[in-house]
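Atom set for the values below is all heavy atoms of this structure, side chains included, hydrogens, waters and symmetry mates excluded.
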Amino acid sequence: MGTFSIWHWLIVLLIVVMVFGTKKLKNMGSDLGGAVKGFKDGMKEGGTKDEAAPVAGQVTASTTAQPEKTTIDVEAKTKS
């Protein structure tokens, strides 16, 4: 009972095609392929970006003439 026969997979494929239709399945496949390609391109570009750019979430020093603050004002929300 742990394995499925080829007939099981053919019936499942037939039901999926009947429910979604071939056009919608083709569009979903091309969208998925485009997303994977975009992800791969993003991973390739990740190592070649300018290293001087600040990382998201990183605090950088300000170059303005404002006096330096040593404390940070933060309001905490309480759980209700």
Trainee: Supply the atom-to-atom distance I11 CD1 to I6 CD1, rounded to the nearest 0.5 angstrom.
Mentor: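 Reported value, rounded in 0.5 Å steps: 11.0 Å.
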Trainee: Membership question, hydrophobic clusters at under 4.5 Å side-chain separation (ILVMFWY): are L14 and V16 in the same one?
Mentor: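 No, because V16 and L14 fall into different hydrophobic clusters, even though each may have its own neighbours under 4.5 Å.
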Trainee: For the hydrophobic clusters of this structure (ILVMFWY residues joined by side-chain heavy atoms under 4.5 Å, transitively), does one cluster hold both M18 and L10?
Mentor: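 Not linked; separate clusters.
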Trainee: Look up atom CG in L32 and atom CG in N27, then write down how far apart they are to the nearest 0.5 Å.
Mentor: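 If we round to the nearest 0.5 Å, L32:CG and N27:CG are 12.5 Å apart.
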